[in-house]
Protein chains: 4
Amino acid sequence: MPHPKPTLKPRKTPVQARSASTVDAIYAASIQVLHEVGLERFTTTRAAERAGASVGTLYQYFPNKSALLAAVLERHLTTVVEAVEAALVGVRGQPVAVIANTFVNAYLDAKLRDVTASMALYAVAGEDGGAEIVGRLTQRGQLALCEVLATARDAQFDNLRMVSLVLVTALSGPLQALLASGSNLAMADSLRRHLVVMVDAYLLRFTLPAPAFKKPRKLSKP
Amino acid sequence: MPHPKPTLKPRKTPVQARSASTVDAIYAASIQVLHEVGLERFTTTRAAERAGASVGTLYQYFPNKSALLAAVLERHLTTVVEAVEAALVGVRGQPVAVIANTFVNAYLDAKLRDVTASMALYAVAGEDGGAEIVGRLTQRGQLALCEVLATARDAQFDNLRMVSLVLVTALSGPLQALLASGSNLAMADSLRRHLVVMVDAYLLRFTLPAPAFKKPRKLSKP
Amino acid sequence: MPHPKPTLKPRKTPVQARSASTVDAIYAASIQVLHEVGLERFTTTRAAERAGASVGTLYQYFPNKSALLAAVLERHLTTVVEAVEAALVGVRGQPVAVIANTFVNAYLDAKLRDVTASMALYAVAGEDGGAEIVGRLTQRGQLALCEVLATARDAQFDNLRMVSLVLVTALSGPLQALLASGSNLAMADSLRRHLVVMVDAYLLRFTLPAPAFKKPRKLSKP
Amino acid sequence: MPHPKPTLKPRKTPVQARSASTVDAIYAASIQVLHEVGLERFTTTRAAERAGASVGTLYQYFPNKSALLAAVLERHLTTVVEAVEAALVGVRGQPVAVIANTFVNAYLDAKLRDVTASMALYAVAGEDGGAEIVGRLTQRGQLALCEVLATARDAQFDNLRMVSLVLVTALSGPLQALLASGSNLAMADSLRRHLVVMVDAYLLRFTLPAPAFKKPRKLSKP
DNA sequence: CATGAATGAGTCTTCATTCAT
DNA sequence: GATGAATGAAGACTCATTCAT
């Protein structure tokens, strides 16, 4: 969407202990406020108050409302991708089924670790520079998945790019549905299993006949 | 999200020709404005002006801004579900593969028929009563899919509910990625094929041993 | 001074009777507020309230505070220059002494006609686009004086530009002093006489020996 | 203008070397900031930063923003009057023509010595306690001129008060015009000559028949 | 003495909504 | 029914000033 965007970078890097905790408090408070009153009624003053600070202090660290929301979104998504990345590095060279399972579970775990944030930030992703942030981190996740899939012991893909893009984006919808339905525990488990199946089944379809004893591709040494 | 919601129902049903066209113009204008300036800078005055009407007239048909946005979102999503429903009734009793193919294509076609609207309304879905509307129409789509799958000639599912929920929600993420990337044509085609595969593969995994007259499916091994 | 300047043009041309009076009220109110609390504590809300309108209404006619102040300043100065221009056209072809007398009196009369405005706008001239406005209207006054002096029956100048610039700007200081001192009536009269003398004496010094029967220069035909 | 005024006096007299230089730096920095961003966007923090100090330090020497600006203005104007005073004491007892010439040149020289300050402080003079300061120092200049004129070898005035007031105030307008036009050098010289002429011509008109030993002045006709 | 983070009152400005014409 | 001027509550953001370190 063709909207112009002003500065979104933090105004000052929090180096001191107090500053850091203040900033953290603002992050947390923003999510709470977002969750409680929604994006439309989210105000910088409310966020600051909830964080136990004054608006002025908030503006000491964030140049404007958009930047604050962007930062909160980015931090959340970064946490999620990092969790996924971490999980994926552990299954390099494993069979596709393992990778599929790990990926889905890591993603869901990360998202469900902070249900409030996941729900609250959904609206934020749709506005402002949200799309850009989501896009960027999605891509990062896609890359991570790409790399691991390339090392799958029992398979070879000729279109890793598209495969990983589909996978990385396909989970958000179902997750959203889960969150919207009140994060029913039973449903969560069932959904988790279904997604694993879906991902696994999908990957299998794009698997090229692999050599019986496949060597790791990326890291192989002649 | 626990936000209170005021009235969202249209103030009056447009019965006269002029009214209908005015309302239509407002719908269209709203989407344009949404697309051009984003949800944050969307104003009722702007929408009305773009529609060639006055704010007052707009308020003749919509009790408030939220209701307008809700109506626009609802109309768009309704169009999409209806297209999907229509397509699905045509494949009742067909094999799973046909249903999968039809479903994915109907959904993508419907969404890509009005890319502008699809993009513009993304943000709207995250706010206001957006979640409720999305939820309701998602459910309607799920139901439609459910019913058709139940008639699949070559399969039987024991957990149709979950299966259809996953399918109905899993496409939105990839679609969103497509829209965000500029709706590249080649990518659109590729994505479409991948999604068909994913849906088909996923469905097959949850297929129960079907009645005798079932034909072997293409990729099965004897 | 190198400051950037945003839009200063009125937002909407007041065509209706009500609008016109509202705008007039805002002009008057602005001057009052300016006079009473000074530029620093001048707020758009205060100006609107004093005008018997709401801030919103004010912003319907002026895009921002700067534009409002600029408009008020411009209107005042325009009134003054126009008065001077009008007086000067009446003395075309008259002797220098008459022109000098007319010029000084027209200027002082115009300024003293609305002492409040003259005092209130002094600060405004020093900020924002004030300099530009003052410069532009000063130049207009200079031009008017230039043209009349060129027709003086008993004189000829070789450096009209500089002469008129000096005259047009030399009066503001003494006037300011008068206003600051409470516009003492006796002082006003005395000052008026002194300024006439000063202008006359100055002009005489730059007068070239003129032909006995001087023909109008500008309008003369060979 | 009837505005109330809080304390404007410096909080403490800088006695130490460091303090003095800090204060000097603040003065200079204030003028720079004023020149660069204008009075409206002048902030104490900016001034302090530019001076290489912290806001806190600034507030150590100036009780508030107004006092700072007032001090800066006062210092500048004081420098100017002192220069004029110094020049004038050197021409006591000289002919009017010499006094006129000396006065104008001393004033212009003093003002043009620091063009930046002259321009930057123009806006300040219109606000705050600016009027009071300008008035006070104008009066001091007037007094100085008064005293010298009273000693003029070749003249006697019966209304020295008004004459000196006019002269002291009449130069500011033309000077302002010069500054606004970019301080063109050629124009500066021309203006200087014109102002000398104006002052001289004006003074001559108010000269009373002087004592016997007065020599005829150059332009007088027998 | 210096520092600069924190404060929050005060501004500007927008925009949903109403209602007289 | 249509209009769009008027309203004013609400929110983003700034900045003078303080005070703990």
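Letters A, B, ... mirror the listed sequences (proteins, then strands); counts begin at 1.
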* Asked: Looking only at atom types and distance, does a side-chain atom of D:Ser118 sit under 3.5 Å from a main-chain N or O of D:Asp114, one as donor and one as acceptor?
  -> yes
* Asked: How many Å lie between CZ on A:Arg46 and P on F:dC13, as a whole number?
  -> 15 Å
* Asked: If you look at every strand shown and take non-hydrogen atoms under 4.0 Å, does B:Thr43 touch a base, only sugar-phosphate, or nothing?
  -> sugar-phosphate
* Asked: Considering heavy-atom distances to DNA chain F, does B:Gly56 or D:Gly56 have its closest nucleotide positioned more toward the 5' end?
  -> B:Gly56
* Structure fact -> Per-residue pairing states of DNA chain F in dot-bracket (Watson-Crick or G-U under 3.5 Å; . unpaired, | other strand) read .||||||||||||||||||||
* To the nearest Å, how far apart are D:Glu127 CD and F:dA16 P? -> 12 Å
* Send over the distance from B:Phe42 CZ to E:dA16 C1', rounded to a whole Å. => 11 Å
* For the pair made of OH in D:Tyr59 and P in F:dA16, what is the distance, rounded to whole Å? -> 6 Å
* Structure fact -> Per nearest nucleotide of DNA chain E, the residue lying toward the 5' end, C:Val55 or D:Gly52, is D:Gly52
* Roughly how far, to the nearest 0.5 Å, is the CG atom of D:Leu58 from the OG1 atom of D:Thr45? -> 8.5 Å
* To do: Please state how far atom CG in C:Leu58 lies from atom P in E:dT11, giving the value in whole angstrom units.
  => 15 Å
* Gap between atoms CD and C1', on B:Gln60 and F:dA2 respectively (whole Å) -> 7 Å
* Within the pair C:Ser54 and F:dG8, is there a side-chain N or O less than 4.0 Å away from OP1 or OP2? -> no
* So, the side chain of B:Thr78 versus the backbone of B:Glu74: is there a donor-acceptor pair under 3.5 Å, distance only? -> yes
* 5'-most contact on DNA chain F: D:Thr44 or C:Ala53, nearest heavy atom basis? -> C:Ala53
* Asked: Could you give the CD-to-C1' distance, from A:Glu40 to E:dA16, as a whole number of Å?
  -> 12 Å
* So what does B:Thr57 hit on the nucleic acid, given a heavy-atom distance under 4.0 Å: a base, only sugar-phosphate, or nothing? -> base
* To do: Please report, rounded to the nearest Å, how far the P atom of F:dC13 is from the CD atom of A:Glu49.
  => 16 Å
* Close side-chain approach of A:Leu69 to A:Ser30, heavy-atom, < 4.5 Å -> no
* Verify, without hydrogens or angle tests, whether A:Arg46 (side chain) and A:Ala29 (backbone) share a donor-acceptor contact under 3.5 angstrom. => no
* Can you tell me if the side-chain N/O atoms of A:Tyr61 get under 4.0 Å from OP1 or OP2 in E:dA5? -> no
* Asked: Should B:Leu137 and B:Ile133 be marked as a side-chain contact (heavy atoms from CB on, under 4.5 Å) after you check the CA-CA gap, both sets of side-chain angles, and the distance that decides it?
  -> CA-CA 6 Å; B:Leu137 289 169; B:Ile133 296 171; 4.0 Å; yes
* Structure fact -> CD (D:Glu36) and CD1 (D:Ile31) are apart, to the nearest 0.5 Å, by 12.0 Å
